[in-house]
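Only one structure is covered here, and it is reproduced in the block below.
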Amino acid sequence: MSRSRAALTWAPRVVVGALVIALLLVGGTAARVWWLGRVDERTPTDMILVLGAAQYDGRPSPVLEARLEHALALYRQGVAPRIVTVGGSAQGDQFSEAESGDRWLTDHGVPNRDVLPIDEGRDTLGSFEAVGSVARQRGWTSAVIVSDPWHSLRSRTMARDVGLDATTSPAKGGPVSQTRRTQFFYIVRETAGLIYYHLAHASSDFSDPGLQ
């Protein structure tokens, strides 16, 4: 009986403690997602890495175009000698996200030799694994990642996990940064995606802007 009473006494405390830890984990992760999304870490690197997003018959979506415009500005500033675009294609697509980005950049004056499309991966992790393999083959070790602000932390985490010395320079002019409601939505989604990644070491379908 005494053991039963002790269990009944401690059980609520354990539950409350677990809830507090969970809230601290979620809140701390969300704060880090928000903070890094506001920081521009641009520094000279081997490559500017543009993460993929939706494209329509070779035409970048507004999300992808905002990333490409930012990458072009970094390239013109001499941040890196090359731009790497990533992202695969959906069934039936004539162009991949990487190819769409490649076409847009060369149409805007970047020489073909300075753009490398890597059209593998249907989520962020798959893209980074493909980029990591190419980078090792070519002796590239560092990258500045261009994506949406709230995607920065998860992207940088994945890039470092595949061996890249990665920093971030978010594209702040895209649709995902236009309103507070949209920002809140993406911060929540990326917080969940990053926690899932740490637990499962996999991308989550609900948190990959590359699928939009």
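Bear in mind the structure is a predicted one, so any value in this text is a computation, not a measurement.
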Seminar exercise, completed: What one should report as the nearest heavy-atom pair of V144 and R42 is CG2-CA, 4.2 Å
Exercise. What's the shortest heavy-atom distance between A143 and L49, and which atoms?
Worked result: CB-CB, 4.4 Å
For this session: Kindly compute the distance separating OG (S96) from CG (D119), expressed to the nearest 0.5 Å.
Result: 4.0 Å
Exercise. Atom CZ in R67, atom CG in D148: separation rounded to 0.5 Å?
Worked result: 4.0 Å
Exercise. Is E41 paired with R156 through a side-chain N to carboxylate O contact shorter than 4.0 Å?
Worked result: yes
Seminar exercise, completed: Taking every heavy atom of P170 against every heavy atom of G37, the minimum-distance pair comes out as CG-O, 3.6 Å
Problem set entry | H151 and T124, any side-chain heavy atoms less than 4.5 Å apart | yes
Exercise. If Ile, Leu, Val, Met, Phe, Trp and Tyr residues are connected whenever their side-chain heavy atoms lie under 4.5 Å apart, and connections chain through other members, are I118 and V50 in the same group?
Worked result: no
Problem set entry | Heavy-atom closest pair, residues W150 and E190 | O-CG, 3.0 Å
Exercise. Linking I/L/V/M/F/W/Y whenever their side-chain heavy atoms sit closer than 4.5 Å, directly or via other members, would V134 and L125 fall into one cluster?
Worked result: yes
Problem set entry | More than 12 heavy atoms from other groups under 6.0 Å of CZ on R32 | no
For this session: Enter the distance from I83:CD1 to D114:CG here, rounded to the nearest 0.5 Å.
Result: 8.0 Å
Exercise. Can V86 and E97 be said to form a side chain to side chain contact (heavy atoms under 4.5 Å, CB included), step by step?
Worked result: CA-CA 7 Å; V86 300; E97 295 167 0; over 6 Å; no
Exercise. Got R181 and F185 here, is their nearest side-chain heavy-atom distance under 4.5 Å?
Worked result: no
Problem set entry | Interatomic spacing from OH in Y56 to OG in S100 - rounded to 0.5 Å | 10.5 Å
For this session: Indicate yes or no: at least one non-hydrogen side-chain atom of Y75 is less than 4.5 angstrom from one of R82.
Result: no
Exercise. Could you walk me through whether F95 and R103 pass the side chain to side chain contact (heavy atoms under 4.5 Å, CB included) check?
Worked result: CA-CA 10 Å; F95 299 92; R103 286 161 53 94; 3.6 Å; yes
Problem set entry | Residue pair T141, L164: steps toward the side chain to side chain contact (heavy atoms under 4.5 Å, CB included) verdict | CA-CA 5 Å; T141 60; L164 291 172; 5.9 Å; no
Problem set entry | CG-CG distance between D107 and L68, expressed to the nearest 0.5 angstrom | 11.0 Å
Problem set entry | Donor-acceptor under 3.5 Å (T45 side chain, M47 main chain) | yes
Problem set entry | Minimum heavy-atom distance L64-A53, with the two atoms named | CD2-O, 3.7 Å
Exercise. Can you hop from V39 to W34 via hydrophobic side chains spaced under 4.5 Å?
Worked result: yes
For this session: Verify, without hydrogens or angle tests, whether S142 (side chain) and D46 (backbone) share a donor-acceptor contact under 3.5 angstrom.
Result: yes
Problem set entry | Verdict with supporting geometry, L74 and S169, side chain to side chain contact (heavy atoms under 4.5 Å, CB included) | CA-CA 9 Å; L74 295 179; S169 181; 3.8 Å; yes
Exercise. Going hydrophobic residue to hydrophobic residue with side-chain gaps under 4.5 angstrom, can you get from W140 over to V115?
Worked result: no
Seminar exercise, completed: Distance col, row S147:OG vs L153:CG, nearest 0.5 angstrom, shows 12.0 Å
Exercise. Within a reach of under 6.0 Å around CZ of R160, are more than 12 heavy atoms found that belong to other residues, nucleotides or ligands?
Worked result: yes
Exercise. Between V188 and Y186, is there a shared hydrophobic cluster once you connect ILVMFWY residues whose side-chain heavy atoms come closer than 4.5 Å?
Worked result: no
Exercise. Hey, does the side chain of E129 reach the backbone of G126 with a donor-acceptor pair shorter than 3.5 angstrom?
Worked result: no
For this session: Please examine the side chains of Q55 and W104, heavy atoms only from C-beta on, and report whether any two atoms are closer than 4.5 Å.
Result: no
Exercise. Between F128 and L51, what is the shortest heavy-atom contact and its length?
Worked result: CZ-CD2, 3.8 Å
